[in-house]
Amino acid sequence: MSEAVKALFANIAPKYDLLNRVLSARNDVRWRKRILGQVRGAPGDVLDLACGTFDLGLEALEQGKAQRVHGCDFCQPMLVAGADKRRGHPLSASVGDALHLPFADGSFDLAMVAYGWRNFGDPQASVRELARVLRPGGQLLILEFFRPTSWWPKTFYGTFGKVIFPLAGGALAGNASAYRYLNDSIAGFLSRDEADAVIAAGGFGKQRWESFFGGISHGVVAQLT
Ligand SMILES: C[S@@+](CC[C@H](N)C(=O)[O-])C[C@H]1O[C@@H](n2cnc3c(N)ncnc32)[C@H](O)[C@@H]1O
């Protein structure tokens with residue numbers, strides 16, 4: 001499963017940013033900014049897991065929420081696609097898997113994941129792994145699409161998600177099935193309330209949630225207790 005996900009992202013990597021902007025009508029940029037606004041405290045060492053092309057890490061630096069960012073992703077071509085964007089910024093990168101992070105315990109003050117958690121295979125194990133690499137009192141930020149439970153997100157994903165995502169993916173990235181996977185992976189993932197419980201069970205309290213576009217996407221910042 002994870003090899004198939006890696007191959008999928010490798011295939012769409014050169015067109016990934018373009019598709020994000022088109023499919024979300026640039027809202028993805030706004031949602032990253034908004035959820036970073038929930039991060040509290042002095043800037044420090046930040047992990048951007050499943051960093052893709054570094055949009056979240058760059059925004060964290062822009063907002064002064066990070067001194068240094070380390071981006072980690074299991075798909076090298078995504079890191080390559082974003083390489084020009086991180087040049088000149090205190091943003092390093094490495095290849096690594098979310099369930100076996102190549103970092104010592106207590107390496108970061110803030111660990112972030114935007115639109116990656118859904119792909120990790122084991123949501124609880126990945127939260128435990130993120131908790132491991134955080135320092136005491138560190139913060140976790142997750143931005144994600146969760147399985148819809150109310151009428152508007154269900155309607156959105158059942159129509160726009162089912163039809164337009166694959167059409168746009170086929171037209172702009174030459175890969176309709178990757179964007180079919182996007183919708184299917186959302187339908188098979190945790191609901192927002194289930195995610196809340198998984199994060200709490202991973203040792204995080206003080207969860208601050210924000211909903212975007214009527215619940216199409218959600219973000220949370222929580223603190224290691
Ligand atoms: C939808 S993209 C999100 C990229 C970026 N965070 C953003 O906001 O645009 C999901 C990313 O998760 C990465 N990914 C998926 N499963 C992973 C895993 N098990 N370990 C590390 N990265 C993973 C993919 O390679 C891809 O770059």
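Each ligand, and each atom within it, is numbered from 1 in the order the structure gives. It should be emphasised that the depicted structure is a prediction, and the values quoted were computed from it without experimental measurement.
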Are the charged groups of Asp97 and Lys6 less than 4.0 angstrom apart, N to O? no
Test log, rule side chain to side chain contact (heavy atoms under 4.5 Å, CB included), inputs Leu101 and Phe108: CA-CA 12 Å; Leu101 292 174; Phe108 300 100; over 6 Å; no
Check ligand 1 for N or O atoms under 3.5 Å from a protein N or O and list each pair with its distance.
| residue | atom | partner | partner atom | Å |
| --- | --- | --- | --- | --- |
| ligand 1 | 6 (N) | Ala50 | O | 2.7 |
| ligand 1 | 6 (N) | Ala114 | O | 2.8 |
| ligand 1 | 8 (O) | Arg32 | NE | 3.2 |
| ligand 1 | 8 (O) | Arg32 | NH2 | 3.1 |
| ligand 1 | 9 (O) | Tyr16 | OH | 2.7 |
| ligand 1 | 9 (O) | Arg32 | NH2 | 3.0 |
| ligand 1 | 20 (N) | Ala98 | N | 2.9 |
| ligand 1 | 22 (N) | Phe74 | N | 3.2 |
| ligand 1 | 25 (O) | Asp73 | OD1 | 2.6 |
| ligand 1 | 27 (O) | Asp73 | OD1 | 3.4 |
| ligand 1 | 27 (O) | Asp73 | OD2 | 2.6 |

Residue of the set Arg32, Arg26, Arg30 for which salt bridge (charged side-chain N to carboxylate O under 4.0 Å, His left out) holds with Asp28: Arg32
Side-chain heavy-atom pair Pro153, Phe146 within 4.5 angstrom cut-off: no
Checking side chain to side chain contact (heavy atoms under 4.5 Å, CB included) for the pair Leu143/Trp117: CA distance, chi angles, key distance, verdict? CA-CA 8 Å; Leu143 182 62; Trp117 196 26; over 6 Å; no
Inter-residue atom distance Gln207.CD - Ile142.CD1, 0.5 Å rounding: 9.0 Å
